[in-house]
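The structure appears below as structure tokens.
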Protein chains: 2
Amino acid sequence: MSNINIKKLAQELNLSTATVSRALTDNYQISSETKRRVLELAKSLNYEPNPFASNLRNQKSKTIAVIVPEVANHFFSLAINGIEEIARKRDYHVLIYQTHENSETEIAFTLKLLSGRVDGILISTSGETNNKQHLIEASQSIPVVFFDRVYEDIEGVKIITDDYESSYQAVQHLIEAGCKKIAYLLALHNLSTGEKRLNGYLTALKDNGIPFNKNLLVTSTVDSNQNYALIKNLLANNKPDGILSSIEELAFPCYYACRELNLNIPRDIKIISFSNLDCAPLLNPSLTTITQPAFEIGSEAAGILFKIFDKKCFEPNETRVLKSVLIKRESTAV
Amino acid sequence: MSNINIKKLAQELNLSTATVSRALTDNYQISSETKRRVLELAKSLNYEPNPFASNLRNQKSKTIAVIVPEVANHFFSLAINGIEEIARKRDYHVLIYQTHENSETEIAFTLKLLSGRVDGILISTSGETNNKQHLIEASQSIPVVFFDRVYEDIEGVKIITDDYESSYQAVQHLIEAGCKKIAYLLALHNLSTGEKRLNGYLTALKDNGIPFNKNLLVTSTVDSNQNYALIKNLLANNKPDGILSSIEELAFPCYYACRELNLNIPRDIKIISFSNLDCAPLLNPSLTTITQPAFEIGSEAAGILFKIFDKKCFEPNETRVLKSVLIKRESTAV
DNA sequence: ATTAGTGTTGTAATCGTTTGCGTAAATAAA
DNA sequence: TTTATTTACGCAAACGATTACAACACTAAT
């Protein structure tokens with residue numbers, strides 16, 4: 001730690017700490033000659049103001065927190081990338097917290113963050129439970145922006161994508177490709193994000209006169225082995241001819257299960273997944289995806305947070321919807 | 001921000017702030033009855049100590065910084081995952097900084113961090129330039145652990161993988177698969193990481209009596225379009241029958257270039273890449289990789305940083321080498 | 001009765017910066 | 001000459017938590 005502080009600068013220059021502090025912040029009260037001397041010495045000694053002292057005095061941290069289920073996930077790491085870039089422009093610091101989809105962890109994080117450690121929170125919540133009291137408390141206490149994984153019934157600024165439309169469009173695409181038994185891999189069902197994706201699926205089926213078959217609805221878990229088993233079971237026993245996966249994490253298991261069961265994609269079964277995998281075009285076969293603008297979601301969320309800081313007040317319940325894009329590839333070819 | 005502090009607790013309970021503070025830290029001087037009262041009130045009011053006040057007083061931040069080139073990269077996001085998990089166990093906070101391979105940015109970050117904002121730094125440096133004075137200054141000032149991308153000639157604790165051996169082994173594998181003109185996609189050449197990978201390639205060639213051909217050595221840039229052009233050019237003009245890519249980022253461009261040029265992998269050309277892509281097995285064809293234990297590198301680095309904090313003193317120049325694994329797949333099939 | 005010891009609490013300084021208020025000197029206005 | 005006004009700086013009190021040093025009451029030992 002740098003042990004050079006304002007007091008030392010002041011001593012060295014025969015000035016008071018007040019004057020040094022003011023000189024460093026280019027206060028009008030200080031003569032330009034004094035400013036020059038202070039700045040020069042500060043630079044030569046590599047002086048950096050102690051952030052904790054400043055934060056304590058100013059009651060702000062120049063820090064934001066990002067809470068996500070996993071860092072090592074294409075969507076979230078892209079979003080973090082977007083967030084970090086915006087934060088950088090404002091000279092803000094970014095704290096990262098992973099919940100691993102664990103609600104308890106998420107609760108502990110959010111509540112701990114209300115101590116003043118951060119000026120605002122960006123969160124994509126774990127949908128594990130319906131426990132959301134902590135989110136309400138948090139957003140009453142400091143600015144919070146929810147992104148992608150949101151509860152619609154919590155007041156707050158939200159950045160989401162057009163989940164319903166994307167999902168609907170995906171099913172439509174499968175149907176046009178000839179699918180008649182379309183399975184849905186359900187996730188995030190406690191969140192409105194998941195709910196909307198499901199609704200898109202259901203409505204698209206109805207609009208096309210296809211009755212809903214509950215055997216074709218697979219609810220995923222946090223355990224990837226179990227998910228794999230569920231998917232294999234679905235394929236083996238219910239023989240769908242199309243799959244819409246509502247999260248990226250279930251796409252690979254589908255591919256593996258098809259291999260194992262000797263099902264040819266897209267001949268025997270067509271697959272679409274919500275996904276930000278940049279290898280989707282290179283998969284065997286290439287994967288049709290609903291791709292969310294992950295980076296933009298992150299930068300948009302961060303941008304709005306800063307606007308809130310700037311008091312360019314936002315509607316407390318504003319929701320911004322970005323568009324996902326359906327990219328058709330071989331996995332749904334006719 | 002929570003506006004409840006020790007003073008308010010003290011007032012409420014008719015105690016001094018000193019007593020409250022001691023009660024909260026379970027100090028032996030305080031009667032159990034008083035402790036009970038304090039803890040009870042603190043809990044009911046959701047009291048969280050102001051971190052800046054504590055940090056200022058204690059001269060430590062319970063925060064570490066992670067500096068990486070990119071968050072949205074499989075290797076780094078996995079490493080961050082590992083770091084975050086370890087930090088969590090110690091109740092430390094994790095700040096993230098991306099350099100985007102820009103040396104200036106990296107310098108600015110590291111120097112700013114020496115103000116006491118963090119207790120230690122984990123860094124995987126950008127290899128863009130040979131500018132490393134800031135790294136030396138940083139590690140003289142606070143504990144720094146370098147991971148994966150390191151300069152061998154900087155004093156400090158380093159977590160790396162067996163780059164030389166991995167690279168050597170990869171070339172050996174290509175040769176055994178029948179390759180005679182093996183190209184090398186060079187990256188990180190300013191770092192000892194890159195140097196070792198290159199040396200593994202060169203030595204393996206020599207040991208197999210294959211003369212080095214400088215036309216088969218392609219030096220990558222930070223511009224992905226340019227990299228793609230370089231690779232296509234390599235394939236078109238020099239017709240290698242094998243490629244070793246020293247970083248993950250260049251694997252996809254190889255696949256795309258092969259498609260474009262109608263080259264069949266692995267018939268016309270075999271490919272190996274350093275990579276943590278979890279879709280490697282699902283690519284078309286599946287990609288042979290040298291996979292680094294990214295998560296472990298992160299957790300190991302963080303673990304050592306904490307040991308340094310604990311003053312279980314480390315050799316100041318200790319280097320820990322983890323093993324990568326060569327996973328043979330279709331892209332190098334005979 | 002005096003001293004020593006124990007158990008519990010309070011006073012006040014400290015961490016490094018920031019900032020309201022005061023002040024001295026210099027200049028301008030009366 | 002006296003009275004404003006401006007310019008440039010210092011004093012000292014915050015911010016909230018921690019902790020050395022007292023201090024008090026009370027018991028035990030002498």
Side-chain angles (χ1 to χ4, degrees), chain A residues 1-39 41-42 45-63 91 112-119 141, chain B residues 1-39 41-42 45-63 91 112-119 141:
Chain A
M1 163 143 84
S2 165
N3 48 357
I4 145 92
N5 55 28
I6 279 199
K7 206 180 290 179
K8 292 200 185 141
L9 293 180
Q11 267 172 3
E12 188 80 23
L13 295 165
N14 259 318
L15 290 170
S16 72
T17 61
T19 303
V20 174
S21 174
R22 291 194 176 102
L24 290 170
T25 53
D26 201 24
N27 188 294
Y28 72 99
Q29 290 176 43
I30 306 300
S31 73
S32 46
E33 167 60 13
T34 305
K35 280 181 188 168
R36 198 192 50 71
R37 289 177 60 219
V38 171
L39 257 24
L41 184 66
L45 295 182
N46 253 318
Y47 168 75
E48 281 287 337
N50 182 303
F52 302 123
S54 305
N55 294 344
L56 177 58
R57 172 66 212 222
N58 295 331
Q59 303 285 44
K60 44 190 231 151
S61 62
K62 296 211 84 178
T63 305
D91 253 305
K112 277 252 173 70
L113 287 173
L114 304 184
S115 58
R117 185 178 293 275
V118 296
D119 297 340
S141 174
Chain B
M1 163 141 83
S2 166
N3 47 356
I4 146 93
N5 54 28
I6 278 201
K7 205 180 288 178
K8 291 201 185 138
L9 293 181
Q11 266 171 3
E12 189 80 23
L13 295 165
N14 260 317
L15 289 170
S16 71
T17 61
T19 303
V20 174
S21 174
R22 291 196 178 98
L24 290 170
T25 52
D26 202 25
N27 187 295
Y28 72 100
Q29 291 176 47
I30 306 300
S31 74
S32 47
E33 168 61 11
T34 305
K35 280 182 188 168
R36 199 193 48 72
R37 290 176 60 219
V38 172
L39 257 25
L41 184 65
L45 294 181
N46 255 316
Y47 168 74
E48 281 287 338
N50 182 303
F52 302 124
S54 305
N55 294 342
L56 178 58
R57 172 67 214 224
N58 296 329
Q59 304 285 41
K60 44 190 233 153
S61 62
K62 295 209 87 176
T63 305
D91 252 306
K112 276 252 172 70
L113 286 172
L114 304 184
S115 58
R117 186 179 292 276
V118 296
D119 297 341
S141 174

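Side-chain atoms are counted along with the backbone in the values below, which use heavy atoms only and exclude waters and symmetry mates. Each chain gets a letter, A, B and so on, in the order its sequence line appears, and its residues count up from 1.
Between K7(B) and V20(B) there is no side-chain heavy-atom pair separated by less than 4.5 Å. Looking at S141(B) and L114(B), their side chains come closer than 4.5 Å, going by heavy atoms from C-beta outward. In this structure the side chain of N3(A) never reaches within 4.5 angstrom of the side chain of Q59(B), judged on heavy atoms.
Note: NZ (K35(A)) to P (dA8(D)) measures 9 Å, nearest angstrom. As rounded to whole Å, 12 Å separates atom P of dT18(D) from atom CG of N5(B). Taking atom CG of residue D26(A) and atom C1' of nucleotide dA8(D), one finds them 15 Å apart after rounding to whole Å. Rounded to whole Å, the distance from CD on E48(B) to P on dA17(D) is 11 Å. One atom, CG of N50(B), and another, P of dA14(D), lie 17 Å apart when rounded to the nearest Å. Look at CD1 on I6(A): it is 14 Å from P on dC15(C), rounded to the nearest Å. Taking atom OH of residue Y47(A) and atom C1' of nucleotide dT18(C), one finds them 10 Å apart after rounding to whole Å. Separating the NZ atom of K60(B) from the C1' atom of dG16(C) is a distance of 19 Å, rounded to the nearest angstrom.
Dashed line: the shortest gap from a side-chain N or O of Y28(B) to OP1 or OP2 of dT9(C) is not under 4.0 Å. OP1 or OP2 of dC11(D) has not a single side-chain nitrogen or oxygen of S16(A) nearer than 4.0 Å. Of the side-chain N and O atoms in T34(B), one or more sit less than 4.0 angstrom from OP1 or OP2 of dT9(C). In this model, the phosphate group of dC15(D) is approached by a side-chain N or O of K7(B) to a distance below 4.0 Å at OP1 or OP2. For the pair Q59(A) and dA14(D), the criterion of a side-chain N or O lying under 4.0 Å from OP1 or OP2 is not met.
Looking at heavy-atom distances under 4.0 Å, S54(B) makes contact with sugar-phosphate atoms alone, never a base. Residue N55(B) is out of contact with every strand shown, counting any heavy-atom pair closer than 4.0 Å. Among the atoms of the strands shown, none is found under 4.0 Å from any heavy atom of T25(B). Among the atoms of the strands shown, none is found under 4.0 Å from any heavy atom of N27(B). Among the protein residues, S31(B) comes within range of the sugar-phosphate backbone only, with heavy atoms under 4.0 Å from sugar or phosphate atoms but none that close to a base.
Nearest heavy-atom pair across L13(A) and R37(A) is O-NH2, 3.1 Å.
Classification of D119(B) and K62(B) as a salt-bridged pair fails, no side-chain N sitting under 4.0 Å from a carboxylate O.
Judged by distance alone, the side chain of S61(A) and the main-chain N or O of R117(A) form a donor-acceptor pair under 3.5 Å.
Between T19(A) and L24(B), the residue whose closest nucleotide on DNA chain D is further toward the 5' end is T19(A). Two residues, A53(B) and L15(B), neighbour DNA chain C, and the one matched to the more 5' nucleotide by heavy-atom proximity is L15(B).
Evaluation of atom-type donor-acceptor distances gives a pair under 3.5 Å for the side chain of R57(B) against the base of dT18(D). Between the side chain of R22(A) and the base of dG20(C), a donor-acceptor pair under 3.5 Å is found. Between the side chain of Q29(A) and the base of dC9(D), a donor-acceptor pair under 3.5 Å is found.
For L56(A), whose side chain is taken as the heavy atoms from C-beta onward, the closest listed nucleotide among dT18(D), dC15(D), dC15(C) is dC15(D). Minimum atom distance to the side chain of A18(B) is reached by dG10(C), of the listed dT9(C), dT18(C), dG10(C).
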